[in-house]
Every structure is written in C-alpha cells, then in structure tokens.
Amino acid sequence: MNDINSVLRNEFSNIYLVDCKSQQIEIYRYKNQAVGVKEILQTKQPYKAAIQKYIEENVVLEDRKKMNAAADFEHVCSQLHKIPQFTVHYRVKRDGVLSYYYMKCARIGDADTFQRVIFAFANEDADVKQNEIEKIIHADITTGKRKILIIEDNALNREMLCEILKDKYDILTAENGEIGFEILEKNYKALSVILLDMQMPVCDGTEFLKKIGEDTALASIPVIVITANSDEDAELTCLNLGASDFIRKPYNADIIKGRVDNVIKLKESTLMLAAVEHDELTGLYTRQVFLHYAKGIMKFRADTPMHLVVAKIIDFKLIKHMYGNKKADEVIGYLASVYSNKVRNGLVARQGHNSFVGLFWEDHKTFEQKLKNVISEVKANSLVKGLMVKYGVYKDIDKRLPVSAICDCASMAEESIADNYDCDMAYYTEEMGHKRINNQMIEIAFESALKNHEFIVFYQPKVDIDTEKVVGAEALVRWYKDGTSLISPGEFIPVYERDGLIVKLDEYIFRQVCSLQKRRMDEGEELLPISVNLSRTSALHEDVAKRYIDIIKENGIPFSCVPIELTESAAIYNDRVKAMTEQLTDAGCILHIDDFGAGYSSLISLNQFPFSTLKIDKSLIDDVCQSKGKTLVEQVITLSKLLDMKVVAEGVETKEQLDIIKALQCDAVQGFYYAKPMPEDEFIEYVKGIQSKNQ
C-alpha cells in the first residue's frame, strides 16, 4: 500500500494510543469514506473528549451506555492490570445501515508497569478476511535498541541526526536513495523506521517512496520525510506515496526524538494486537480468538440463522510421513486459503494442527450450497493424492449454548463419519447430543471403574482348524458398571481412544492377563498364549515397550505366552511404531497383526514389522462364501504363508465358512461357531472340556 495503511492494515478504522498518566492521545488515526484516512501524531488530544465524540456520532443509541462504561479510562486500565487485552462489541448505524463493530483495548507493556493503552476499532464484517500479519519477534520490541535507517546526502546532516538518535537506536546510514534501497532490502525485517531526505542527487526521496511502494514487505516500514520544503502540495505527494510523518529542517532534537518514537510505537502496537490473534502458518484466527469473537457475533445477530462447521484432515500424520512437513504445511495453507476466500458472511479459524472451525450467518439453502462448493473445490484441487477432509456441521445453532459446546457438537458430527470413506459431511443431531452426554459420563466414570475393577477380561478361544484343539485365546475387555450393568465395548472404547484413557486401560488388561498366566504357571497348568490388543494410541505412547516388557518380567512368565496384537491402522505409523515393535521383539515378545483387511491393508507393514501371525478381519470372512470373497481370503492366506506367518480367521460363525477356510489351509479360527468371549472361569472350564474331548 502507498499510505500508512501498509503499517496499520485495513481492519482498524480508528486507532488511539493513549498515555496513562495524562490520558492524552499521543497517536490518533481516523478513517471514513468522506475523508479517507487521516493520521495525526500529537500530544494534546484528550482521550475522554475523543471517545465521547466517537460514541455520540457512531454508536447506536441502545449501545451507548454500554460503550461509555466499557471505554471509561479508569475501567480500561483496571481490566488491563488483569489481562493483556480485551474486546467490546457494539453496533454502528450510518445512512440507515446497521454494522457490527468491536473495540479492542490492549496495554503496551507489563501488567504492573504499562504506561500506554491502545484502542483499535474495527468492523467485524470487514475483519473476517484479514491477511496473514507478520509476526513480531517479542525480544525486538521489549528489549534492546530498535534499528533505523537514515538516508541523507548531506554528511553534516547525517552526523547531526546520528548524534541526536544514537543513544536510543542502532543506526544505519546511506548517502542517497539508491544505496538506501540496497540497505533496506538487506535489513527490512529488522528496521523500525526510515528517515528520508527528499532532495538527493541519486534516487531522491520521491523516487525512493515510489520504489518501496511497489513491494508490500518494504512498504510496511514507516518512513519519516526530512524536508526544508513547507509546500503543502509536496507534503500531500509524500503522504500519497506512503510517508508517515515529516521532520523539518533546521532540526529540533526533541521533535525528532518524539516523532521517531511515536511512529515506531504506532507500528509495533498495531502489529502486536494482530500477532496474538492469528495463527502463524495460515493467518486465520486462533481458536481462542474465534471463541471470543463468535460469542459477540452470536449475541448481536440473535435473530439470524447461524451454522458452525468443523473441518478435519483425516490421517494428517500419514500425510506428514509420506510427503514431509513442508508439504503438510502447504496443505494446511491451501485449505485455509480456500476457506477464507469463500467466506462472505462468516468467521474462520484454525484449531489444532489439522482442523478448522467456521461460524456462518446466512439462510440454510445458501449456506449448504456454499459448503458443497467448497468440498468439491478441495477435492478437485487437492495438493496431495487422496486428501480426505471430513466436515461436521451444526446447522441453525442453539445460541444459548457456549461457543465451545457448539464446536463440540460439530466435532461429534465430524467424528461420526471419520472412518466412512463414502461420506464427507455429517450434520449434528439430537441423538448425537444424547451420545455426547453419555460419553462424558463414560469418561468421568473411568478412574473409579478402574479402581473398583469394573473392567473385566473376557477370553475368546482360538481353535486349530484341523485338530479343533484350543491353541490360544484373545483377551477382550468388558465393563460391568457398578458391578451390574454391562456396557458394550463399542460404547466406551472409542471414547477412551479419543481422550487417551485407552493407554491406561490397555495396560490394565495386559497386567490382568499376565497375572492369569503367572497363576496358571504356578499351578503347573499348560500355558496357552493369550494375546492382548495394543491400541493405536498406546502404540504411539512413550515408553510403552519398556513398560510391557517390565510387566512380563515382574510376573516371571515366558514372553511367548502373551502375544501383542496391533491393528494394521496402528502399524501404518511406521517409524515410531517400528522402533517400539523392535524393542518388544528383541525382548522376546510375539506380534500379531489384527483386523487385516478392515482398513488400510498396508502390505508394506507386513514387510517392515516382525509379525508372526496375521488375523483376517471378520469383514472379509463374512463374504468368504461368495466367489470374490473366497478369492480375496485365499490370496491373503497365500501371502501370509509366503511370508512365513500363521493365519487366524476372525468372526467364523457358520459351518459353511469353516469348511471353506479349512480348504484354503487357514491355521486357526476364532468366532461364535466355536465360542463367544467368556469370563476367566468359563474359559478355563471350556479349555478343560475341549482337552478332555480330544484326548
């Protein structure tokens, strides 16, 4: 930009920088359609009179009382002693048009020592499309000297300016605009202000301003023009070319110091306000700022239909693994660009490393069509092959709920289709709301359930397909809440996987199985291998291998009697999981790959991980009686044999399935045809019965 907007950006229509002691406005900026942008650097504008005039001329009558109270300077300072900044929302009516604005108040400095307060006013509707704002390095603002560039062809004048400013600033100098431009290009990130002489033999001030005005990055550095010319037309030309202020010759040291200091404060104060609000990578709002603004918008647009959308990239870690961090960042940036560019009546933010959230206010039909268009565009122009983004939508939100709760509702809708490859978007329903409450109760009850041993281990036998002898079992968890009510694993396992509690539950089950094996060993009973599931969350958890190895050693049992089952979805995270599996197998543990064919079916995992047994998922066995299903299972069994792996078929329920699997030379089966999962006592009796039968 060619004016001071390059420093202030467009979002703030008015800015005051107020001295706490005098309550005078040191820096003032005003903008409207009639006069454009008017910037004044002065020290004698009373804040109280200015804010009162602003409220009376702009704020709707119903909001003036609130704004008067919120803008009271003593009240503002009291708030800023507690928090670094806060925002007040209000309404403005001009030419019969109602607009929604906010006033941001922020302290400049620490809570106990700040001497200045900045007030910034912005139109909410215009603000939702802000570009990325350059991050300020905190140390450069709060410690050390700022760096300035003096471009002046007269050596004596350069020396005088250096003498005036050297105590407070680090100074670079140039004798003409051409050299000054070269210095600027090399140091623009570190420069706080440029002092520019207008009359120079090589690249004068006017030419210099034109050159930097062509580069957004260079134009963001404020320029103070040095001139002996009092011509108003010359002043206007400089302002139009981007100059921030003027210093006139002959020099007055106090005026020079004051104006340089004011211009630097104006730039840094404005950028500080913006930097804390925006995600560094995308330029979108952060989640916390989104929650704050969304709350205000919901309040002021109480009668407007609103919809909240959560968009989440599926398997973002896999994208990072396959394409690298740089490409993953490009994907995030691409999505942020699409979402922000498509927004007209809305607010978009980045939340977490792989998801976005947006609040929109428009009629249902328009909103739905726009969302479908966005989904189609993302699919058509994806930066990586197979990019999957799932959208959870809370349509016509209940504005009585906290914004965070509304976000949770949309997230629940997204989670409902996270594993559905045929569906990109889901709407929040009342049923999901009930489920959310139920999930919260399940989460809250975890610790007491663990303490009271409400989680019970059930055992499902694995049967040799030829001899029909029990050759092992799989440990499965069941929850008898309060010792009576049976809760399905399908209800609580996903909850604990999502919140990380599954790590504790996995280890609890593993300890129970190891304890059973120790008792049987001490009683001289035959040790059948009982495999234990290790969830994807647990597999990625720090030191999981060491903990499990220590548990086996503590019980003094053979490593082979407690095989560990990993799902193929866990094995897809190669590097970290591979290191974990190597630790386990080096210690003597046996690994099984579970649910093969249910998800990614990553053949590379069979090569990279030391699995001894492959378990074919029930979803494949369900179709084994059909021609294609039989061929698929046959090929999986053949592949396993070639890789020297045993094969277990899960979910065998009928004699027809068993006969086909037996003909395909599967090693063992697990399923209702032989036995359902059963408690420990029943399992031991079942094994005894089978052994007696086969003797």
Side-chain angles (χ1 to χ4, degrees), residues 312 314-318 320-321 352-354 411 415 418-419 438-458 474-481 487-517 530-555 559 562-585 587 589-595 598-600 605 609 611:
K312 185 175 182 180
I314 303 302
D315 297 320
F316 189 59
K317 288 182 180 178
L318 181 59
K320 282 188 172 184
H321 174 75
H353 66 288
N354 65 331
S411 293
E415 288 164 7
D419 297 322
N438 186 57
N439 288 349
Q440 288 177 335
M441 294 175 63
I442 286 173
E443 187 174 345
I444 292 169
F446 176 77
E447 292 297 340
S448 62
L450 202 64
K451 181 180 178 181
N452 297 328
H453 302 286
E454 294 177 7
F455 295 111
I456 308 298
V457 182
F458 274 44
E474 178 183 1
L476 301 165
V477 63
R478 298 293 184 265
W479 182 10
Y480 281 91
K481 193 172 187 304
I487 298 180
S488 165
E491 288 187 55
F492 65 86
I493 293 293
V495 175
Y496 296 150
E497 284 181 335
R498 188 164 54 248
D499 60 22
L501 292 174
I502 194 67
V503 176
K504 285 186 177 182
L505 184 57
D506 281 350
E507 187 171 319
Y508 174 83
I509 298 302
F510 188 73
R511 287 183 180 277
Q512 296 297 309
V513 172
C514 287
S515 178
L516 170 63
Q517 295 291 55
I530 300 175
S531 59
V532 181
N533 291 287
L534 192 67
S535 67
R536 180 169 63 181
T537 305
S538 293
L540 292 167
H541 203 264
E542 189 176 3
D543 294 333
V544 64
K546 183 180 182 303
R547 291 203 314 276
Y548 278 44
I549 291 168
D550 288 344
I551 292 169
I552 295 171
K553 289 180 178 179
E554 287 168 10
N555 284 276
F559 281 87
V562 279
I564 294 174
E565 295 192 6
L566 279 174
T567 62
E568 56 181 350
S569 60
I572 203 73
Y573 294 101
N574 286 326
D575 291 341
R576 192 165 175 180
V577 178
K578 190 170 188 298
M580 182 272 296
T581 58
E582 287 174 353
Q583 279 184 273
L584 290 173
T585 53
C589 291
I590 295 173
L591 298 181
H592 296 177
I593 182 167
D594 192 19
D595 299 338
Y600 300 97
S605 65
F609 292 91
F611 295 118

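Worth knowing before you read on, the calculation uses all heavy atoms, side chains too, and leaves out hydrogens, waters and symmetry mates. Just so we're clear, the structure is a prediction, and the values are computed from it rather than from any experiment.
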Hey, can you pull the donor-acceptor pairs under 3.5 Å for the side chains in residues 490-497, sequence neighbours left out?
unit_1 : atom_1 : unit_2 : atom_2 : d
Glu491 : OE1    : Asn438 : ND2    : 3.4
Tyr496 : OH     : Ile442 : O      : 2.8

Inset, instruction - Taking the six-membered ring for Trp and the full ring for Phe, Tyr or His, determine whether the centres of Tyr548 and Phe559 are under 6.0 Å apart. - result: no
Inset, instruction - Over 60° means perpendicular and under 30° means parallel, so classify the ring planes of Tyr508 and Phe455, tilted if in between. - result: perpendicular
Legend entry - Ile593 side, atom CD1; Leu566 side, atom CG - distance, nearest 0.5 Å: 8.0 Å
Inset, instruction - Quick one: pull up CE in Met441 and CD1 in Ile444 and give me the separation to the nearest 0.5 Å. - result: 8.0 Å
Legend entry - Spacing of CD belonging to Gln440 relative to CG belonging to Asp499, to within rounding of 0.5 Å: 11.0 Å
Inset, instruction - Report yes if the side chains of Asp594 and Ser531 come closer than 4.5 Å at any heavy-atom pair, otherwise no. - result: no
Inset, instruction - Mind checking side-chain hydrogen bond (donor to acceptor under 3.5 Å, both in side chains) for Glu443 and listing every partner two or more places apart, or none if nothing turns up? - result: none
Inset, instruction - Look up atom CD in Glu474 and atom CZ in Phe458, then write down how far apart they are to the nearest 0.5 Å. - result: 14.0 Å
Inset, instruction - Examine distances only and state if a side-chain atom of Asn452 and a backbone atom of Glu454 form a donor-acceptor pair shorter than 3.5 Å. - result: no
Inset, instruction - Check whether any side-chain heavy atom of Phe510 sits under 4.5 Å from a side-chain heavy atom of Ile551, and report yes or no. - result: yes
Inset, instruction - Could you walk me through whether Lys451 and Glu447 pass salt bridge (charged side-chain N to carboxylate O under 4.0 Å, His left out), step by step? - result: CA-CA 6 Å; Lys451 181 180 178 181; Glu447 292 297 340; over 6 Å; no
Legend entry - Backbone of Leu534 reached by a side-chain donor or acceptor of Ser538 within 3.5 Å: no
Inset, instruction - State which residues pass ring pair (Phe, Tyr, Trp, His ring centres under 6.0 Å) with His453; sequence neighbours excluded, sorted by chain then number. - result: none
Inset, instruction - Measure the spacing between CH2 of Trp479 and CG of Leu450 and express it to the nearest 0.5 Å. - result: 10.5 Å
Inset, instruction - Report the distance from atom OG1 of Thr585 to atom CE of Met580, rounding to the nearest 0.5 Å. - result: 10.0 Å
